Amino acid sequence: MRVLALDIGEVRIGVAVSDPDGAIASPVCVLPAQEVLSHARTFKTVLEDWEPELLLCGRPKTLAGEDGPQAQKITVQAEQIAKNCQLPLEFTDERLSSAEAKKILRAQGLSEKAMRGKVDMVAASLFLQSWLDAQMNKGD
């Protein structure tokens, strides 16, 4: 099952996708938040290219595991995106995914400026991979 993951931010939304077997996550792109929220052509193209069967959105949690201050807003936005795409929606904990993404990109020698357009899609691929691994382990 192919899963499309979204790291929803104020300005940008990172997009990642799994392989058809639901085993490996890969970063795809970063789109302006407004284009995804309005179901613009650029986002429709991503959906057509990848044909996901499930939408997975990161939900920001505090370090204590509670919903963070942005969680309610992101939940509403994710539900709207899923409705527009006519896809089932699941949420996953995205704690520290952006920090981890920055660490990975820094290790590749990218500057803060060069990272700006990549952090969100790498973060989406990180929490998608964690979610995929958890799904695989459920079958054990």
Side-chain angles (χ1 to χ4, degrees):
M1 170 176 63
R2 190 177 304 272
V3 181
L4 186 78
L6 300 180
D7 182 18
I8 301 173
E10 293 284 326
V11 178
R12 292 177 295 275
I13 294 181
V15 182
V17 70
S18 74
D19 65 324
D21 296 329
I24 299 169
S26 301
V28 173
C29 64
V30 176
L31 295 171
Q34 210 40 56
E35 289 183 16
V36 177
L37 294 170
S38 67
H39 207 65
R41 182 85 213 121
T42 49
F43 184 57
K44 286 181 184 173
T45 300
V46 169
L47 293 170
E48 289 165 6
D49 287 351
W50 295 103
E51 299 179 340
E53 298 166 59
L54 176 75
L55 186 64
L56 179 72
C57 291
R59 183 179 293 169
K61 300 235 179 220
T62 65
L63 292 177
E66 307 293 321
D67 278 351
Q70 285 288 90
Q72 184 59 41
K73 181 179 181 183
I74 286 173
T75 299
V76 169
Q77 289 174 331
E79 288 170 349
Q80 185 59 50
I81 294 165
K83 184 178 171 192
N84 288 342
C85 300
Q86 298 178 340
L87 286 172
L89 171 65
E90 287 200 32
F91 289 96
T92 190
D93 185 356
E94 68 164 31
R95 262 183 294 188
L96 306 176
S97 61
S98 292
E100 185 65 25
K102 284 183 179 180
K103 196 167 129 184
I104 290 166
L105 293 170
R106 233 180 257 114
Q108 293 177 354
L110 271 67
S111 67
E112 286 292 324
K113 187 176 180 183
M115 274 190 235
R116 200 169 296 136
K118 296 178 174 60
V119 170
D120 302 304
M121 68 178 178
V122 173
S125 71
L126 290 171
F127 68 69
L128 173 56
Q129 189 63 58
S130 293
W131 184 87
L132 293 170
D133 292 347
Q135 300 308 302
M136 293 276 202
N137 290 335
K138 281 183 183 176
D140 290 349

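What you see is a predicted model, and the numbers here were worked out from it, not measured in a lab.
Residues P60 and Q70 come closest through the heavy atom pair CG-CB, 3.8 Å. Heavy-atom minimum distance, F127 versus C57: CE1-C, 4.2 Å. Residue G14 comes nearest to A124 through the heavy atom pair O-CB, 3.8 Å, listed as atom of the first residue, atom of the second, then distance.
Every residue meeting the side chain to side chain contact (heavy atoms under 4.5 Å, CB included) condition with S18, not counting sequence neighbours, appears here in chain and number order: R2, V3, L128, L132. Listed by chain and residue number, nothing satisfies the salt bridge (charged side-chain N to carboxylate O under 4.0 Å, His left out) test with D19 (two or more places apart in sequence, or in another chain). Listed by chain and number, the residues in a salt bridge (charged side-chain N to carboxylate O under 4.0 Å, His left out) with K118 amount to none (sequence neighbours excluded). Residues meeting the salt bridge (charged side-chain N to carboxylate O under 4.0 Å, His left out) test with R116, sequence neighbours left out: none. Listed by chain and number, the residues in a salt bridge (charged side-chain N to carboxylate O under 4.0 Å, His left out) with E10 are K73 (sequence neighbours excluded). For D120, the side-chain hydrogen bond (donor to acceptor under 3.5 Å, both in side chains) partners at least two apart in sequence or on another chain are R12.
Here salt bridge (Lys or Arg N to Asp or Glu O under 4.0 Å) pairs that include residues 56-69, with residues two or more places apart or in two chains, are K61-D67. Sequence neighbours left out, the pairs with a member in residues 24-39 that pass side-chain hydrogen bond (donor to acceptor under 3.5 Å, both in side chains) are E35-T42.
In the displayed structure, E48 atom CD is contacted under 6.0 Å by more than 12 heavy atoms of other residues, nucleotides or ligands.
Summarising the geometry, atom CH2 belonging to W131 is positioned 6.0 Å from atom CG belonging to L56; distances are rounded to the nearest 0.5 Å. Rounding to the nearest 0.5 Å gives a distance of 5.0 Å between CG of D7 and OG of S98.
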Side-chain atoms of residues 105-112: list all donor-acceptor pairs with protein atoms under 3.5 Å, sequence neighbours left out, distances to 0.1 Å.
unit_1: R106; atom_1: NH2; unit_2: E112; atom_2: OE2; d: 3.2
unit_1: S111; atom_1: OG; unit_2: A114; atom_2: N; d: 3.1

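Hydrophobic cluster of V76: no remaining members, since no ILVMFWY side chain lies below 4.5 Å from it. In the hydrophobic clustering, where aliphatic and aromatic side chains (Ile, Leu, Val, Met, Phe, Trp, Tyr) are joined below 4.5 Å either directly or transitively, L55 groups with L4, L6, I8, I13, V15, V17, V28, L31, V36, L37, F43, V46, L47, W50, I74, I81, L87, L89, F91. The hydrophobic cluster of I24 has no other members, since no ILVMFWY side-chain heavy atom comes under 4.5 Å of it.
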